[in-house]
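Naming: A, B, ... by sequence-line order, numbering from 1 per chain. When reading the values below, keep in mind they use all heavy atoms of this one structure, side chains included, and skip hydrogens, waters and symmetry mates.
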Protein chains: 2
Amino acid sequence: MAHGQMSETARTRSKSQQAYHWIQERIAGGEFTPGYRLVLGSIAHELDMSVVPVREAIRRLEAEGLVTFEQHVGARVAMIDDSQYRQSMEALALLEGAATALAARHLTADDLRRARDLNRRLVESLDDFEPHLFTSLNHRFHAVLFAACPNPRLLALVDAEWVRLGHLRDSTFSFVPGRAHESVREHDALVDLIESGAPLADVERAARGHRSATLAAYLSHEHPDEAPAAAGVTTV
Amino acid sequence: MAHGQMSETARTRSKSQQAYHWIQERIAGGEFTPGYRLVLGSIAHELDMSVVPVREAIRRLEAEGLVTFEQHVGARVAMIDDSQYRQSMEALALLEGAATALAARHLTADDLRRARDLNRRLVESLDDFEPHLFTSLNHRFHAVLFAACPNPRLLALVDAEWVRLGHLRDSTFSFVPGRAHESVREHDALVDLIESGAPLADVERAARGHRSATLAAYLSHEHPDEAPAAAGVTTV
DNA sequence: CCTATCCCGACCGTATACGATCCGCTCGAG
DNA sequence: CTCGAGCGGATCGTATACGGTCGGGATAGG
């Protein structure tokens with residue numbers, strides 16, 4: 001920032017947006033854990049602004065489902081309990097599956113190479129298993145595959161769901177380490193499928209099934225008593 | 001409202017929420033058409049409150065995609081152009097298809113009867129075709145079918161997409177009246193499928209295909225030149 | 001007559017102020 | 001000792017105030 005501000009209009013994000021990003025980062029980074037109380041005044045003071053922009057930011061986060069708000073009580077980071085986790089994963093399976101299928105025909109050879117490379121790094125990370133790194137790479141792998149989806153609305157929904165799962169997504173592989181090995185194999189199969197020009201329905205089924213399987217692994221590990229049918233939209 | 005206000009805490013919605021609902025109704029009702037300029041001060045004055053709650057309401061509407069916001073310029077009702085319409089319909093096909101499939105096993109005989117009844121009214125309305133009524137009944141018909149979906153998150157996404165399409169959804173059947181006849185036949189087939197206990201995959205495919213077909217009809221009517229493959233997620 | 005510049009009004013963004021509500025703690029009665 | 005009423009601090013909800021930014025119309029020059 002040698003010259004202070006550059007294109008003043010584009011560079012100067014409004015304070016509401018500053019607050020929004022600041023809070024979102026803390027939530028995504030796990031610094032604000034679920035249930036954490038978001039006090040307007042404190043945040044405002046921390047960010048050196050008044051409460052008004054902070055309120056707006058929190059309202060937006062509320063609309064996105066990241067925080068809950070109670071009248072005259074305030075906001076707290078949304079508690080994603082097991083059932084909500086399951087619901088979001090189910091939705092993500094759907095959305096990501098479709099996005100991946102729609103993107104399949106638009107992937108370049110370079111994209112596929114990058115996907116394979118990321119999966120290679122995933123395999124390597126299996127030895128010295130680090131949930132956070134694994135999750136991050138996993139996200140990037142899938143992002144490469146569905147990013148080319150020509151439907152921005154769908155992409156927005158997919159992203160929103162990823163954000164919503166937030167830090168929680170780490171835990172899937174922390175809790176069920178065995179799932180990670182199976183996961184990377186499915187990744188390879190998925191890329192093969194896409195590369196071979198398989199019918200989009202097959203690609204969608206594979207991508208959806210992949211995530212549903214992760215969910216199922218989590219559920220059967222956390223709630224061994226529940227009927228396996230709970231996995232839900234594995235139907236298609 | 002003989003007694004003015006009842007349980008003050010539950011009944012007294014905060015002014016932000018008042019503003020939110022007030023604006024949303026106007027948008028849904030078509031009073032505020034796409035592109036309409038939402039001036040904070042005017043709305044605040046109209047609702048007899050200050051601009052602060054109105055700003056919050058508009059922020060929330062922005063997060064939901066109903067209005068767009070530009071720095072130092074203000075908010076206006078989101079322009080849903082053709083491409084966005086297509087994208088939302090595609091997303092809705094996905095989400096509603098899955099929600100309908102997941103709900104299928106939970107539908108009571110009464111639910112199915114209500115669905116058939118609504119479709120009967122749809123058939124009747126075909127004679128004296130009234131787009132708005134038809135669309136409304138159409139929504140209620142589908143709502144009956146997917147309301148029993150055990151995944152609230154999915155339902156929320158479906159609802160959000162319906163709201164997003166808003167008034168625009170009227171136009172589908174206004175523009176392509178022929179589609180309405182085909183639509184009600186598909187409705188019957190869909191209910192039959194559910195009632196017969198067909199595999200969920202079949203239900204999902206049928207429900208998704210139904211909406212994709214509506215989209216395709218719209219597209220081929222509006223843009224006869226485009227490749228029909230544009231219909232998108234008809235794949236599964 | 002057409003174009004570029006300047007100025008002004010409308011509106012947005014944020015700060016500050018103040019009343020309202022909730023939650024936890026103290027204190028007294030049983 | 002237990003429990004309910006009352007009080008006070010913390011925090012929210014909204015109003016008002018003021019400086020900043022944008023867009024359009026008047027004005028001067030070509």
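With D:dA15, C:dT16, C:dC22 as the choices, the nucleotide that has an atom nearest any side-chain atom of A:Val73 turns out to be C:dC22. Listed nucleotides D:dT16, D:dA15, C:dG13 differ in distance to B:Phe69; the shortest reach to its side chain belongs to C:dG13. Closest approach to the B:Pro53 side chain among D:dT11, C:dA15, D:dA15 is made by D:dA15 (side chain taken as heavy atoms from C-beta onward). Closest to the side chain of A:Met49, out of C:dA15, D:dG13, C:dC11, is C:dA15.
Contact annotation: A:Ser50 does not reach the phosphate of C:dT14 (side-chain N/O to OP1 or OP2, under 4.0 Å). The shortest distance between the side-chain N/O atoms of A:Ser16 and the OP1/OP2 oxygens of C:dG13 is not below 4.0 Å.
The CZ atom of B:Arg13 sits 17 Å away from the C1' atom of D:dT14 (whole-angstrom rounding). Here the P atom of nucleotide C:dC12 and the CG atom of B:Leu40 are 4 Å apart, to the nearest Å. Distance, A:His72 NE2 to D:dT11 C1': 11 Å, rounded to whole Å. Following rounding to the nearest Å, B:Arg55 (CZ) and C:dG13 (C1') show an atom-to-atom distance of 6 Å. As rounded to whole Å, 9 Å separates atom P of C:dC23 from atom CZ of A:Arg37. Taking atom CZ of residue A:Arg59 and atom P of nucleotide C:dT14, one finds them 17 Å apart after rounding to whole Å. Computed from coordinates, the B:Glu70 CD to D:dC22 C1' distance equals 10 Å when rounded to whole Å. D:dG13 atom P lies 7 Å from atom CD of A:Gln71, rounded to whole Å.
Residue A:Leu38 is classed as a sugar-phosphate contact, given heavy-atom separations below 4.0 Å to backbone atoms only. Nucleic acid contact class of A:Val52 (heavy atoms, under 4.0 Å, all strands): base.
Contact of the A:Arg211 side chain with the A:Thr100 side chain is not registered, since no non-hydrogen atoms from C-beta on lie closer than 4.5 Å.
The only member of B:Phe146, B:Trp162, B:Phe134 that meets ring pair (Phe, Tyr, Trp, His ring centres under 6.0 Å) when paired with B:His139 is B:Trp162.
Annotation for A:Leu102 and A:Pro150: closest pair O-CD, 3.5 Å, computed over non-hydrogen atoms.
Counting non-hydrogen atoms of neighbouring residues, nucleotides and ligands closer than 6.0 angstrom, the NE2 atom of A:His45 reaches no more than 12 such neighbours. The environment of B:Asp110 atom CG is dense: over 12 non-hydrogen atoms of other residues, nucleotides or ligands sit within 6.0 angstrom.
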